[in-house]
Amino acid sequence: MIRPFRPLFLLPVVLLAACAQLSGPARPEVAPAPEARLDAADEARREREAEEARLPKLELTPPIVYGVLASEIGAQRGQVGNAAATYLDLARTTADPRLARRAAEMALFAGQVGVASDALALWIRLDPESHAAREQLFVVLLRAGKLAEGRPLIEEVLERDPARAPAVFVQLARLATRQADKPGTFALVRALSDRFPALPEARFALLSVAAEVDDQGTVAAEFDKLAKIAPKWDLPVAWQTDRLRRTDMDAALAFLKRELARRPDAGVELKMAYPRLLVSAKRYDEAREAFDALLARHPDDPELLYASGLMAYQLKDAAAAEKRLAEALKRGHAEADFLRLTLGQLAEQRGDAVLAQGYYESVVSGQNKLQAQVRLAALEAEAGRLEPALARLEAVDAASNDKIALAQSASQLARQYKRHDLAQGVLDRALAAYPNTPELLYERALVFELRGDYACAERDLRAFLVEKPGDAVGENALGYLLANRTQRFKEAQALIARALKADPDNPTILDSMGWVLYRRGQPRAALPFLERAWAGMKDAEIAAHLGEVLWQLGRVDDARALWDAGREVDAEHPVLLDTLKRFAR
């Protein structure tokens, strides 16, 4: 039999999603400590009003209007660098800081650091009171790895407006890794942070640059200070946890456990990072205990219910998984469609088709909806309504790629119930809509082979290889078909040999090579290929082939043992049943 592709929409989606959702904490964005945040809206409003009072009264002459319009139109057409240069020329001509600012914005967008620096320097010259200009310029210098050049600007901002220190230190922490002179950066940030001993952002900036020079003593000391002055600021702990887990998962776990112990008011998201790290370390039982303990303290948190529900599913505790995921859905978790799909699958597993159907029908968008439609079709087919089930899949409104995958799923469903005529009809219609689609050609070749139409199966496989020349799966399928259903063994072996060269450890290709050698009368040459195939994949068809070769080599007891093992895998496999019938087993 031609080996089918793995079904596209019948994957264990919950488990796959669980693996994604239970990964380690994402790399955090740097943000100011909650205690130190200013009212950004009020501050921006005050600065805007002050700036407007300082701005020159500029007459809009035709050259200025033309230059602004040309720059904006050019930027919309992708010529942002040219627009920045034009704005910079206008700013120099008019001495208007607004034009310098616009030049800087466009230059930064275009990645032109030199032009951005010139524009920002001009902006400062034209509007010496602008805090925004100074901050943007030192950020540009930091991004370029020029902290030493930016030091005067930083010190000036800190001196003139200490209230802006949190934002300054956040930028230092965020961009410290870009500085080539690590020791120099460490010394500078230490000197600056010493002026603000009780400012959380200053402590974070210092520990981040200390980490760059591997000064673990300073890192530890600054975390000690942060635990006292900003026990509710989770960002530094998340940052260090993420940094450690990249090289030493045990160190990350130990650090996070220690910090959480002295931060009882830490956010739930940071607390959840600990069991997630345990999942990443494959310490599943410990992870579940940690999730359960956390859930006991925060029973209504939707994110925690979601994560712990997926953890329970991964550990095959379907009852706990269903309870927690249903509660997460009730609590308004953002992944509502995924939760409905998952809950539908859990209901299916315990035999409640009515509840499963209700969940699936409530899935409304995206890939989750397509998955739900496939499951609804499977439920209909199981209830004896195969043709309406196939019609459901064909009627789904979806993009081309999804329509192709749905046609494959419909064919696979029809094959499951041995309605190969219906499977062919689905594929004929899909290929009429999407001609020469390789996946559909391959699937129809499989259906033709099952119907005994080997000529059409060969035709579709050759058409598949026209679309995907040299594809190992296609060459193996065609070679196996020729070896199994014709006497063209030489051509079959050549195709399988090419496939095996491309994918030398693939059990299905190894099985095909063993089978074609056996069909050519070379059972001893076939044996090692079939033994490797069986070792790589416990498949009933491989067991049938290997058992037959062992029988022909006089190893009757070994053959019988192989066939028994194959029956344990799939007692109804047609190739195994045919083999047992031929050998009176």
Side-chain angles (χ1 to χ4, degrees), residues 24-40 43 154-155 157-159 161-177 182 185-246 248 250-278 290 293-294 297-298 301 304:
R27 188 168 185 83
E29 290 294 326
V30 178
E35 297 91 336
R37 288 182 186 149
L38 299 176
D39 186 331
E43 181 186 7
I154 297 171
E155 292 182 329
V157 169
L158 293 176
E159 181 68 27
D161 191 356
R164 303 189 74 85
V168 171
F169 282 108
V170 162
Q171 293 295 349
L172 287 170
R174 188 168 68 88
L175 298 171
T177 57
K182 306 294 185 186
T185 301
F186 179 43
L188 172 57
V189 174
R190 179 183 285 283
L192 293 173
S193 65
D194 284 347
R195 304 180 193 176
F196 300 87
L199 182 66
E201 288 82 359
R203 312 287 30 105
F204 179 43
L206 180 57
L207 74 87
S208 67
V209 295
E212 289 292 307
V213 295
D214 200 28
D215 185 342
Q216 298 306 318
T218 297
V219 172
E222 295 305 318
F223 271 111
D224 289 342
K225 294 175 185 176
L226 280 172
K228 296 175 182 177
I229 65 175
K232 296 182 181 180
W233 191 26
D234 295 342
L235 184 279
V237 179
W239 176 87
Q240 177 72 341
T241 301
D242 180 70
R243 183 174 170 275
L244 289 173
R245 79 174 178 87
R246 294 167 183 269
D248 189 339
D250 290 338
L253 283 163
F255 166 79
L256 182 55
K257 185 176 183 179
R258 181 178 67 251
E259 290 300 316
L260 289 173
R262 61 184 183 178
R263 293 169 176 265
D265 295 326
V268 175
E269 184 64 28
L270 183 65
K271 293 175 181 177
M272 284 174 61
Y274 185 69
R276 283 173 167 164
L277 281 179
L278 289 169
L294 195 53
R297 295 195 297 273
H298 305 277
D301 187 275
L304 183 53

If every non-hydrogen atom of [X] is compared with every non-hydrogen atom of [Y], which pair is closest and at what distance?
| X | Y | result |
| --- | --- | --- |
| A227 | P231 | O-CB, 3.4 Å |
| L226 | L207 | CD1-CD2, 3.6 Å |
| L199 | A165 | CD2-CB, 3.8 Å |
| A266 | L270 | CB-CD2, 4.0 Å |
| A202 | S193 | O-CB, 3.6 Å |
| W239 | A211 | CH2-CB, 3.9 Å |

### Message
For K257, give me all partners under salt bridge (charged side-chain N to carboxylate O under 4.0 Å, His left out), at least two apart in sequence or on another chain.
### Response
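Once residues adjacent in sequence are excluded, K257 has no partner under the salt bridge (charged side-chain N to carboxylate O under 4.0 Å, His left out) criterion.
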### Message
List the residues meeting salt bridge (charged side-chain N to carboxylate O under 4.0 Å, His left out) with D248, not counting sequence neighbours, and say none if there are none.
### Response
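Per chain and number, D248 pairs via salt bridge (charged side-chain N to carboxylate O under 4.0 Å, His left out) with no residue.
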[X]: partners by side chain to side chain contact (heavy atoms under 4.5 Å, CB included), with sequence neighbours left out:
| X | result |
| --- | --- |
| A290 | Y274, P275, L278 |
| K225 | R203, E222 |
| D224 | R262 |
| L244 | Q240, A252, F255 |

### Task
Just grab all the salt bridge (charged side-chain N to carboxylate O under 4.0 Å, His left out) pairs involving residues 204-221, residues at least two apart or on different chains.
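Those involving residues 204-221 are K182-E212.
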Could you check if a side-chain atom of [X] sits within less than 4.5 angstrom of a side-chain atom of [Y], using non-hydrogen atoms only?
| X | Y | result |
| --- | --- | --- |
| F204 | V170 | no |
| L206 | L192 | no |
| K271 | R263 | no |

### Query
Which value, rounded to the nearest 0.5 Å, describes the distance between R245 atom CZ and T241 atom OG1?
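Between R245 CZ and T241 OG1, I get 9.5 Å after rounding to 0.5 Å.
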### Task
For R190, enumerate each residue passing the side chain to side chain donor-acceptor pair (under 3.5 Å) test, keeping only those at least two apart in sequence or located in another chain.
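Here the qualifying residues are T218.
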#### Entry: All ring pair (Phe, Tyr, Trp, His ring centres under 6.0 Å) counterparts of F186, not counting sequence neighbours
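Once residues adjacent in sequence are excluded, F186 has no partner under the ring pair (Phe, Tyr, Trp, His ring centres under 6.0 Å) criterion.
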